[in-house]
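In what follows, a structure is listed as structure tokens, so that the remarks can point back to it.
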Amino acid sequence: MKVENRQHGKWNLLVRDQPSLAALFEDEQGTIYRRVIDAASQAGLRFALGGGFAINAYTGLARNTKDLDLYVLPRDRDAMIEVLTREGLSDYYDQAPYDRGWIYRGYLNGTIVDIIWEMANHLSQVDEAWLTRGPEVEVEGRWLRLLPPEELLWGKLYVLQRDRCDWPDILNLIHATAESLNWRRLLSRLGDDAALLAGVLIVFAWLCPGRAEALPSWLWEQLRLPAPAADKIAAGAPDTDQTHVVLIDSRPWFSPLL
């Protein structure tokens with residue numbers, strides 16, 4: 001896999017050269033993914049990959065994804081759904097009803113491809129930044145645009161339900177992109193919901209006291225959080241505190257320890 005970002009070269013060092021990304025396109029599931037991606041590209045439709053694929057790329061986590069998330073502009077929604085239909089995917093709604101206001105779920109032989117044009121909580125629609133600010137990765141000869149880490153993190157902050165929580169993904173993402181993530185742009189996206197980011201950063205500093213020092217000092221002040229204690233870091237605080245990580249989950253989940 002090759003990595004390139006013609007507009008934001010800083011990501012070249014942060015997108016992981018992870019063989020598991022290519023593996024996502026090798027089996028029967030991957031064949032369907034390739035068909036959809038190629039058909040969408042041939043139709044001239046723009047999209048960015050999010051979900052597990054993007055998390056894998058940014059963090060290096062070797063984990064399969066249960067579906068492929070393609071983010072599109074709202075105006076391209078129907079055209080992308082038509083691409084899925086032509087490739088033989090049917091609406092998953094008949095098997096498991098879902099909110100069609102923000103997502104279309106295509107299904108074929110156990111494989112799901114999600115077309116997403118809006119956040120699940122309907123807070124915001126996909127705009128140009130979602131499709132242009134992320135890096136590109138080359139997989140199987142295809143250049144694929146990733147969702148920017150800021151938008152990826154923004155959407156996942158609100159996934160904090162009893163049956164699903166995306167904060168582990170966020171903690172991995174912050175660890176991988178702390179120095180280059182555009183924190184000011186993320187805060188502008190969050191607006192009055194910045195308290196959610198404050199919450200996850202408190203947890204991050206508890207898990208990674210040394211790594212938390214890489215975050216800009218003004219960020220802690222703006223969120224009214226205590227900055228990581230410089231004296232403890234100077235005294236040898238670990239980049240990642242493994243004793244804290246296993247208190248949350250002893251199974252493999254945090255990329256710095258894998």
Side-chain angles (χ1 to χ4, degrees), residues 1 3 8-21 51-65 134-135 137 146-160 164-187 190 193-258:
M1 182 189 78
V3 176
H8 300 274
K10 63 186 179 181
W11 293 120
N12 288 350
L13 300 177
L14 293 177
V15 177
R16 308 308 190 214
D17 190 1
Q18 178 53 254
S20 65
L21 292 181
F53 189 99
I55 289 293
N56 282 0
Y58 286 123
T59 68
L61 281 173
R63 130 187 139 189
N64 195 9
T65 59
V137 295
L146 299 179
L147 207 65
E150 294 86 5
E151 276 70 23
L152 188 61
L153 195 158
W154 181 28
K156 285 182 173 293
L157 274 172
Y158 298 94
V159 185
L160 193 59
R164 174 177 170 178
C165 176
D166 279 0
W167 279 32
D169 279 347
I170 294 174
L171 295 168
N172 277 303
L173 186 61
I174 293 174
H175 189 279
T177 65
E179 294 92 347
S180 295
L181 197 143
N182 190 329
W183 294 101
R184 294 191 188 278
R185 192 164 70 84
L186 176 59
L187 285 172
L190 282 165
D193 297 335
L196 280 172
L197 180 60
V200 82
L201 287 182
I202 289 174
V203 177
F204 181 75
W206 177 72
L207 289 171
C208 305
R211 187 75 174 121
E213 191 185 23
L215 276 63
S217 58
W218 62 262
L219 180 63
W220 304 98
E221 181 178 353
Q222 183 161 338
L223 293 174
R224 300 181 181 179
L225 296 175
D231 56 338
K232 292 183 179 180
I233 295 173
D239 176 278
T240 300
D241 191 326
Q242 187 170 358
T243 61
H244 286 176
V245 173
V246 297
L247 288 176
I248 293 179
D249 194 340
S250 60
R251 296 167 296 179
W253 70 276
F254 199 47
S255 58
L257 299 182
L258 300 181

- Query: Any side-chain heavy atom of Ile248 sitting closer than 4.5 Å to one from Trp206?
  - Reply: yes
- Task: Report the residues that fulfil side-chain hydrogen bond (donor to acceptor under 3.5 Å, both in side chains) with Thr243, sequence neighbours left out, ordered by chain and then residue number.
- Result: Asp241
- Message: Could you work out, with side-chain hydrogen bond (donor to acceptor under 3.5 Å, both in side chains) as the rule, every residue matching Arg184, not counting sequence neighbours?
- Response: none
- Got Leu160 and Asp166 here, is their nearest side-chain heavy-atom distance under 4.5 Å? no
- Message: Listing request: all side-chain hydrogen bond (donor to acceptor under 3.5 Å, both in side chains) pairs with a residue in residues 194-203, at least two apart in sequence or in separate chains.
- Response: none
- Minimum heavy-atom distance between Pro238 and Pro209, given as atom pair plus value: O-CG, 3.3 Å
- Message: Which residues pass the side-chain hydrogen bond (donor to acceptor under 3.5 Å, both in side chains) test with Thr240, not counting sequence neighbours?
- Response: none
- Query: Arg211 side chain to His175 main-chain N or O, any donor-acceptor pair under 3.5 Å?
  - Reply: yes
- Query: Going through the distances and angles, do Asp169 and Val159 end up as a side-chain contact (heavy atoms from CB on, under 4.5 Å)?
  - Reply: CA-CA 10 Å; Asp169 279 347; Val159 185; over 6 Å; no
- Are Glu151 and Lys156 within salt-bridge range, i.e. N to O under 4.0 Å? no
- Query: Is there side-chain contact between Leu190 and Leu157, with at least one heavy-atom pair below 4.5 Å?
  - Reply: yes
Let me have the donor-acceptor pairs involving side chains of residues 217-227, under 3.5 Å, with sequence neighbours excluded, atom names and distances please.
none

- Message: Which heavy atom of Gly134 sits nearest to which heavy atom of Pro148, and what is that distance?
- Response: N-CG, 3.5 Å
- Task: For the residue pair Phe254 and Pro168, establish whether any side-chain heavy-atom pair is separated by less than 4.5 Å.
- Result: no
- Query: Restricting to pairs with a member in residues 197-209, which pass salt bridge (charged side-chain N to carboxylate O under 4.0 Å, His left out), not counting sequence neighbours?
  - Reply: none
- Query: So, Thr177 side chain and Leu173 main chain: donor-acceptor pair closer than 3.5 Å or not?
  - Reply: yes
- Query: Measuring from Leu152:CG to Ile170:CD1, what's the distance to the nearest 0.5 Å?
  - Reply: 8.5 Å
- Item | Closest contact, heavy atoms only, Leu186 versus Glu150 | CD1-O, 3.5 Å
- Message: Show me the pairs that pass salt bridge (charged side-chain N to carboxylate O under 4.0 Å, His left out) and involve residues 193-208, at least two apart or across chains.
- Response: none
- What residues, two or more places apart in sequence or in another chain, satisfy side-chain contact (heavy atoms from CB on, under 4.5 Å) together with Pro252? Leu258
Show me the side-chain donor-acceptor pairs of residues 196-205 shorter than 3.5 Å, one per line, residues at least two apart or across chains.
none

- Message: Within the 4.5 Å heavy-atom criterion, are Val137 and Phe53 side-chain neighbours or not?
- Response: yes
- Message: Quick check against the 3.5 Å criterion: does Asn172 have a side-chain atom that pairs as donor or acceptor with the backbone of Trp253?
- Response: yes
- Min side-chain heavy-atom separation Cys208-His244 under 4.5 Å: no
- Message: I need the full list of salt bridge (charged side-chain N to carboxylate O under 4.0 Å, His left out) pairs touching residues 197-206, with sequence neighbours left out, sorted by first then second residue.
- Response: none
- Query: Considering all heavy atoms of both residues, which atom of Pro135 and which atom of Tyr58 are nearest to each other, and what is their separation?
  - Reply: CD-OH, 3.1 Å
- Query: Which pairs with one or both residues in residues 247-258 pass salt bridge (charged side-chain N to carboxylate O under 4.0 Å, His left out), sequence neighbours excluded?
  - Reply: Asp249-Arg251
